[in-house]
2 protein chains.
Amino acid sequence: MARAEPARAVTLSDVARLAGVSVATASKALNGRDQVKDSTRQRVVEAADQLSFSPNPLARGLLAGRTGTVGLLTSDLEGRFVIPILMGAEDAFGAGQVNVFLCDARGDTIREQYHLRALLSRRVDGLIVVGRQTDPRPSLGHDIPVPVVYAYAPSDDPADLSITPDNVSAGRLAVEHLVACGRTRIAHITGEHAYAAARDRAEGVQAALHAAGLELVGDVMYSEWSERWGRDAAAVLLTRHPEIDAVLCGSDQISRGALDTARDLGRTVPDDVAVMGFDNWEVLTTNARPELTSIDANLQQLGRTAAQRVFAALDGVDIGSGTEYVAGRLVIRGSTVARR
Amino acid sequence: MARAEPARAVTLSDVARLAGVSVATASKALNGRDQVKDSTRQRVVEAADQLSFSPNPLARGLLAGRTGTVGLLTSDLEGRFVIPILMGAEDAFGAGQVNVFLCDARGDTIREQYHLRALLSRRVDGLIVVGRQTDPRPSLGHDIPVPVVYAYAPSDDPADLSITPDNVSAGRLAVEHLVACGRTRIAHITGEHAYAAARDRAEGVQAALHAAGLELVGDVMYSEWSERWGRDAAAVLLTRHPEIDAVLCGSDQISRGALDTARDLGRTVPDDVAVMGFDNWEVLTTNARPELTSIDANLQQLGRTAAQRVFAALDGVDIGSGTEYVAGRLVIRGSTVARR
DNA sequence: CTGTTAGCGCGTTCAA
DNA sequence: TTGAACGCGCTAACAG
């Protein structure tokens, strides 16, 4: 264990002393103020990196009122969707000298309040609240003295700024792909009806079918977000409606189940029936037989966007309010388009 | 967007003024120093929460040298293994008034150095370095003025403190379970030989087999950590060695592939052949047919332990050095023990 | 162009 | 028991 020398960190006055100037001058020199002779600046800079000086952000923040930190308040770290958003945000901030406090409320409102207070008392400059579903969540309210952006789960208050995936257009995108592949008898198996993500995608699916002059085979089948449900539902569908030529699934997990069933029933994918899903979870999609076509929600991009909004707000820009939708992107693989 | 009132945060002197005392007294009163009359303390405390005062941690940190923050330096947020560790650590710290700075180096040494400097300049009180593999990684060195604990990927310097999964005993645990189930002709398919995790588990496997007076069927089959490899390897094995009654896989992904192949070849699991894996990745294990037995590495526990070591070091306890191993735990499901 | 002074918010002497 | 004064490291006024 490196307890090392308590090594009082090198301060600006150390630099100043070495360069033979006052701390004020050293400060100006290092911060690029223009009231300092070039030769002096030179000396200071040299002294600084000779001592490998780095300014103490606490002192700086104390003065500026800004800390250069933001809070990332997640409701769930287990979730598959939170992580990419987190990566995107961390990435965007990291590039901008901002550091990120991570807090996981674990879906508990009490814990969320607790963490919120902790973050505010640390004087974070901004806040990103990442939810685990796309359903609206309670607003943190408006007595928060820093900009707040809601990511993935939008706030239920339209006066807040939220960034969330555009699941309706994602559903449309999926159907348009299947139609472009020549499919006309399309069924839709998806997750829990309680999830806005399931309902929104289904809405997009119906809209696109309608626009193409088609109709869904059977009803939208809502149940669990699980592989097992994909298997069971596909078995029912393919048996009752043998004419189906495409099964659109509400998630990659469901897709995997559907794929399994198609295989069990001796239907070949994609020639006989196409299968596709949502989320583009690579572990599932790229290891399937055949590999799974999917709609990627661009979550990392979503995280970056949220971070940029916070940045903008920090610069005094009015970032507006309401919900901003991030489009998904189609990732075509062998389960809808045969590979030669 | 709550830009709210720029609302200069309430400071200690606001509290002092309201309570009609000096800042010094207010400070003492709120921090439980015992040189202050009870009635005075009372007044100050009331004033404080009337203004909902919370001390500025920057000012406090500037003075005390402690900030109540730690850095979590990960090499990879995508990885399946980093997240649970992170959760465990965040959980342990959160309970103790410590907040966590999250930095993702994305496997890049330059970025790691960059983040390290940033964290140190923010005066974090401690550091947890989370790697993505169990192979030793380069030490950050010993000129770091705060305690450092390496998690998952141990440091290559024995003078550092590292906490990592015990993969050798995990391998042993797996074989012992299979043997307890009456299996005697066991094969082992695993991931890349370049990974210590693969080699360590294989070592434990061989040791346990030896102890049971058994021998592995065929060689340990090293290749990719993928479902695809699981399928291919299982096909080779089960065809060449039809007597195999258990396939032990190096990961749940590989297990899933092996399961698929067993099914394709008409072998029933677990009656005919048992299958099990490592990692206990629930999305994969609980959705398989049958559900997959697996060894859970207790990563969340690992994260908590790492956090506790940092805590201890902060309290001045000598936390020692070397590598500490966290045992795995067997999670039995239907792929090794038939469910009625 | 450079240095002196002041103050960000807090905790800790040391006198009163 | 209380308060005035000092300093943590830094930057922004101002004066020189």
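The structure presented is a predicted model; accordingly, all values stated were derived computationally and were not measured. Order of the sequence lines fixes the chain letters, A, B, ..., with proteins taken first and strands second; residue numbering starts at 1 for each chain.
Between the side chains of A/Ser139 and A/Asp160, at least one donor N or O sits under 3.5 Å from an acceptor N or O. Side chain to side chain, A/His115 and A/Asp104 fail the donor-acceptor criterion of an N or O pair below 3.5 Å.
Rounded to whole Å, atom P of C/dA15 lies 14 Å from atom NZ of B/Lys28. Remark: P of D/dG9 and CG of A/Leu12 are 10 Å apart, rounded to the nearest angstrom. B/Arg33 places its CZ atom 8 Å from the C1' atom of C/dT12, with the value rounded to the nearest Å. Atom CG in A/Leu58 sits about 15 Å away from atom C1' in D/dG7, given to the nearest Å. For the pair A/Arg43 CZ and C/dC1 P, the computed distance is 14 Å after rounding to whole Å. Taking atom CZ on B/Arg17 and atom C1' on C/dC10, their separation rounds to 15 Å, with Å as the unit. At whole-Å resolution of the value, CG in B/Leu62 and P in C/dC8 are 14 Å apart. Atoms CG (B/Leu63) and P (C/dT13) sit 10 Å apart, rounded to a whole Å.
Minimum atom distance to the side chain of B/Pro55 is reached by C/dC10, of the listed C/dC10, C/dT2, D/dT2. Nearest nucleotide to the side chain of B/Arg60, out of D/dC10, C/dG11, D/dT2: C/dG11. Considering only side-chain atoms of A/Asn56, the nucleotide from C/dC10, D/dC8, D/dC10 that sits closest is D/dC10. Of the candidate nucleotides C/dT4, D/dG3, D/dT11, D/dG3 has the atom lying nearest to any side-chain atom of B/Ala24.
Ion pair B/Asp91/B/Arg304 flagged as a salt bridge, since at least one NZ, NE, NH1 or NH2 atom sits closer than 4.0 Å to an Asp/Glu carboxylate oxygen. Classification of B/Arg106 and B/Asp108 as a salt-bridged pair fails, no side-chain N sitting under 4.0 Å from a carboxylate O. In summary, A/Glu112 and A/Arg117 do not engage in a salt bridge, as defined by a charged side-chain N under 4.0 Å from a carboxylate O.
Residues B/Asn31 and A/Thr40 both approach DNA chain C. Their nearest nucleotides, taken by heavy-atom distance, put A/Thr40 toward the 5′ side. Annotation: of the two residues near DNA chain D, A/Gln35 and B/Asp38, the 5′-most nearest-nucleotide partner is B/Asp38.
Every residue meeting the side chain to side chain donor-acceptor pair (under 3.5 Å) condition with B/Arg132, not counting sequence neighbours, appears here in chain and number order: B/Asp76.
For the pair B/Thr11 and C/dG9, the criterion of a side-chain N or O lying under 4.0 Å from OP1 or OP2 is not met. At least one side-chain nitrogen or oxygen of A/Thr25 sits closer than 4.0 Å to the OP1 or OP2 atom of C/dG3.
Axis angle, first five pairs versus last five pairs of the helix from C/dC1-D/dG16 to C/dA16-D/dT1: 50°, rounded to 10°.
Enclosure of atom CD in A/Glu78 is not indicated, since only 12 or fewer non-hydrogen atoms of other residues, nucleotides or ligands lie within 6.0 angstrom.
When heavy atoms are screened at a 4.0 angstrom cut-off, B/Val23 is found touching no nucleic acid atom at all.
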